[in-house]
Participant: 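Before we start, here is the structure in question, set down as structure tokens.
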Amino acid sequence: KFQVRTGSNDKLPFADLLRKVHEIEGVKKINFLSSNPFDFTADLLDAITLPKIDNYLHIAVQSGNNEVLKNMNRRHTIEDFYALVEKIKEAKPN
């Protein structure tokens, strides 16, 4: 069974990119969209705490039904999604 990588120690190139863009002096705010909850590792959760990362975050829910998610070959359950949202709220409370 696939698991949401949230909480894993996997390092993502995207999280590293966010950190590098954050270091650019002229950049005042960083926005991004995530199309897949599977990509929220602990590394990305850490990166979104950077001050220039905007408080708006879009994550594709796709379905609130585990059977539909399974039929769509998604790697997460609705319970995984709710747990991820709580971790994001802890990392970036505003």
Side-chain angles (χ1 to χ4, degrees):
K1 176 184 171 193
F2 290 108
Q3 294 293 321
V4 174
R5 289 185 289 186
T6 301
S8 77
N9 291 323
D10 294 346
K11 300 292 182 192
L12 296 179
F14 181 66
D16 188 46
L17 176 65
L18 287 175
R19 289 182 184 95
K20 288 178 179 175
V21 171
H22 187 269
E23 293 174 9
I24 299 172
E25 193 172 314
V27 172
K28 293 182 172 51
K29 182 166 65 168
I30 303 168
N31 292 305
F32 70 93
L33 301 176
S34 170
S35 61
N36 194 332
F38 182 74
D39 291 324
F40 270 84
T41 63
D43 189 34
L44 184 54
L45 285 169
D46 179 63
I48 68 171
T49 66
L50 294 168
K52 292 181 185 178
I53 303 288
D54 194 22
N55 287 335
Y56 174 80
L57 185 63
H58 174 270
I59 307 170
V61 175
Q62 300 180 348
S63 176
N65 180 287
N66 286 333
E67 186 175 336
V68 173
L69 287 167
K70 182 178 177 182
N71 290 338
M72 294 171 66
N73 294 317
R74 297 303 179 250
R75 298 177 179 190
H76 64 280
T77 64
I78 192 62
E79 292 81 13
D80 293 331
F81 186 85
Y82 284 139
L84 171 61
V85 169
E86 289 305 313
K87 288 180 181 183
I88 291 169
K89 286 163 65 175
E90 288 173 17
K92 194 116 174 138
N94 295 321

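Quick note: residue numbers are just sequence positions, from 1.
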Participant: May I ask you to say whether Lys92 pairs ionically with Asp46, meaning some side-chain N is under 4.0 Å from a carboxylate O?
Facilitator: no
Participant: Report the relative orientation of the aromatic rings in Phe81 and His76; use parallel for angles under 30°, tilted for 30 to 60°, perpendicular for over 60°.
Facilitator: tilted
Participant: Which value, rounded to the nearest 0.5 Å, describes the distance between His22 atom NE2 and Ile24 atom CD1?
Facilitator: 11.0 Å
Participant: Rounded to the nearest 0.5 Å, how far does CG of Asp80 lie from CZ of Phe40?
Facilitator: 14.0 Å
Participant: I'd like to know whether Glu86 forms a salt bridge (Lys or Arg N to Asp or Glu O under 4.0 Å) with Lys89, so could you lay out the CA-CA distance, the side-chain angles of the two residues, the decisive distance to 0.1 Å, and finally the verdict.
Facilitator: CA-CA 5 Å; Glu86 289 305 313; Lys89 286 163 65 175; 3.4 Å; yes
Participant: Would you confirm whether Asn66, through its side chain, and Ile78, through its main-chain N or O, come within 3.5 Å as a donor-acceptor pair?
Facilitator: yes
Participant: Ignoring hydrogens and geometry, is there a side-chain-to-backbone donor-acceptor pair from Arg19 to Leu17 under 3.5 Å?
Facilitator: no
Participant: Side-chain heavy atoms nearer than 4.5 Å, only ILVMFWY residues, links allowed to pass through others: does that put Leu57 and Val27 together?
Facilitator: yes
Participant: Within this structure, what is the CD1-CG distance for the pair Ile48 and Leu18, rounded to the nearest 0.5 Å?
Facilitator: 9.5 Å
Participant: How far does CG of Asn65 sit from OG1 of Thr77, to the nearest 0.5 angstrom?
Facilitator: 11.0 Å
Participant: With the 4.5 Å side-chain cut-off for hydrophobic clustering, are Leu45 and Tyr82 part of the same group?
Facilitator: yes
Participant: Hey, could you give me each pair passing salt bridge (charged side-chain N to carboxylate O under 4.0 Å, His left out) that has a residue in residues 50-67? Not counting sequence neighbours.
Facilitator: none
Participant: To the nearest 0.5 Å, what is the distance between CD1 on Ile88 and CD1 on Ile59?
Facilitator: 3.5 Å
Participant: Could you walk me through whether Leu33 and Tyr56 pass the side-chain contact (heavy atoms from CB on, under 4.5 Å) test, one step at a time?
Facilitator: CA-CA 9 Å; Leu33 301 176; Tyr56 174 80; 4.2 Å; yes
Participant: From Asn55 CG over to Asn94 CG, what is the distance, rounded to the nearest 0.5 angstrom?
Facilitator: 5.5 Å
Participant: Quick check: closest heavy atoms across Thr49 and Ala91, and the distance to 0.1 Å?
Facilitator: CG2-O, 3.2 Å
Participant: Taking only residues two or more places apart in sequence, or in another chain, which ones meet Asp16 in a salt bridge (Lys or Arg N to Asp or Glu O under 4.0 Å)?
Facilitator: Lys20
Participant: Linking directly or through intermediates, with side-chain heavy atoms under 4.5 Å: list the remaining ILVMFWY members grouped with Leu69, chain and number order.
Facilitator: none
